**Student:** 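Before we start, here is the structure in question, set down as structure tokens.
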Amino acid sequence: IHVDESLYYEFKEVKGNNPPRAIIDIVDQYAVSFLNSYRQGIGRIYWGIRDDDGIVVGVRLNHKERDELRRLITEKLYQIQKNDGVSIK
């Protein structure tokens, strides 16, 4: 791909037999990192790219898994709260 991993671009290889679950389990950690970064809220996570060498390995998802992943990521991101306990919605 034409970007390098940096403060604004994160590469994550998805491993295991359940790619949607692997992504859902950590997506909020990366979202919070971007929210707390120098340029708040700016960043992209590229799933299916090895973070050690930037090689695209892909993520195999069928239509149902992609749909479920979009829904679950949205739900999980809406659950993120600021330190003062106020939701960031």
Side-chain angles (χ1 to χ4, degrees):
I1 76 172
H2 300 295
V3 298
D4 291 322
E5 197 169 32
S6 68
L7 292 174
Y8 309 109
Y9 302 105
E10 179 69 29
F11 298 163
K12 289 307 300 172
E13 182 174 5
V14 179
K15 298 178 182 178
N17 295 331
N18 189 342
R21 180 54 41 202
I23 292 170
I24 292 301
D25 286 347
I26 62 171
V27 70
D28 56 339
Q29 296 170 31
Y30 288 97
V32 168
S33 293
F34 287 133
L35 289 169
N36 290 329
S37 69
Y38 172 72
R39 295 186 60 184
Q40 289 185 336
I42 308 263
R44 290 180 183 227
I45 305 169
Y46 290 92
W47 303 101
I49 300 179
R50 287 195 307 235
D51 45 328
D52 59 345
D53 60 8
I55 299 294
V56 176
V57 293
V59 179
R60 287 192 177 267
L61 300 172
N62 61 39
H63 178 74
K64 181 180 176 183
E65 289 170 322
R66 285 191 306 270
D67 188 50
E68 177 185 23
L69 192 56
R70 285 184 199 104
R71 184 181 55 77
L72 292 174
I73 287 174
T74 300
E75 287 177 11
K76 193 150 191 186
L77 294 180
Y78 272 119
Q79 294 173 7
I80 296 173
Q81 295 185 354
K82 291 181 179 181
N83 286 339
D84 62 3
V86 178
S87 175
I88 63 166
K89 292 182 191 177

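Quantities reported herein were computed from a predicted structural model and do not represent experimental measurements.
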**Student:** For residues Leu61 and Pro19, report the shortest heavy-atom separation together with the two atoms involved.
**Tutor:** CD2-CB, 3.9 Å
**Student:** Are Tyr8 and Val3 grouped together when hydrophobic residues (ILVMFWY) are joined by side-chain heavy atoms under 4.5 angstrom apart?
**Tutor:** yes
**Student:** For a 4.5 angstrom cut-off between non-hydrogen side-chain atoms, does Glu10 reach Arg44?
**Tutor:** no
**Student:** Quick one: CG on Asp51 to NZ on Lys12, what's the gap to the nearest 0.5 Å?
**Tutor:** 4.5 Å
**Student:** For Asp67, is there an ion pair with Arg71 - N to carboxylate O distance below 4.0 angstrom?
**Tutor:** no
**Student:** Minimum heavy-atom separation for Lys15 and Ala22, please, with both atom names.
**Tutor:** O-CB, 3.8 Å
**Student:** Flag yes if Ile49 and Ile55 sit in one hydrophobic cluster, no otherwise; membership is Ile, Leu, Val, Met, Phe, Trp, Tyr, and two members link when side-chain heavy atoms are under 4.5 Å apart.
**Tutor:**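 No; Ile55 is not reachable from Ile49 via cluster members.
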**Student:** Please state whether the rings of Phe11 and Tyr46 are parallel, tilted or perpendicular, taking 30° and 60° as the class boundaries.
**Tutor:** perpendicular
**Student:** Any chain of hydrophobic side-chain contacts (each under 4.5 Å) joining Ile23 to Ile26?
**Tutor:** yes
**Student:** Just verifying a value: how many Å separate Trp47 CH2 and Leu69 CG, rounded to the nearest 0.5 Å?
**Tutor:** 8.5 Å
**Student:** Judged by atom type as modelled, is there a donor-acceptor pair below 3.5 Å linking the side chain of Lys76 to the main-chain atoms of Ile24?
**Tutor:** yes
**Student:** Take Arg21 and Leu72 through the side-chain contact (heavy atoms from CB on, under 4.5 Å) test and state the conclusion after the steps.
**Tutor:** CA-CA 9 Å; Arg21 180 54 41 202; Leu72 292 174; 4.3 Å; yes
**Student:** Heavy-atom count check: over 12 atoms from other residues, nucleotides or ligands less than 6.0 Å from Asp4 CG?
**Tutor:** no
**Student:** What is the minimum heavy-atom distance between Ala31 and Leu77, and which atoms define it?
**Tutor:**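 Of all heavy-atom pairs spanning Ala31 and Leu77, the closest is CB-CD2, 3.5 Å.
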**Student:** On a heavy-atom basis, which atom in Thr74 and which in Arg70 lie closest, and how many Å separate them?
**Tutor:** OG1-O, 2.9 Å
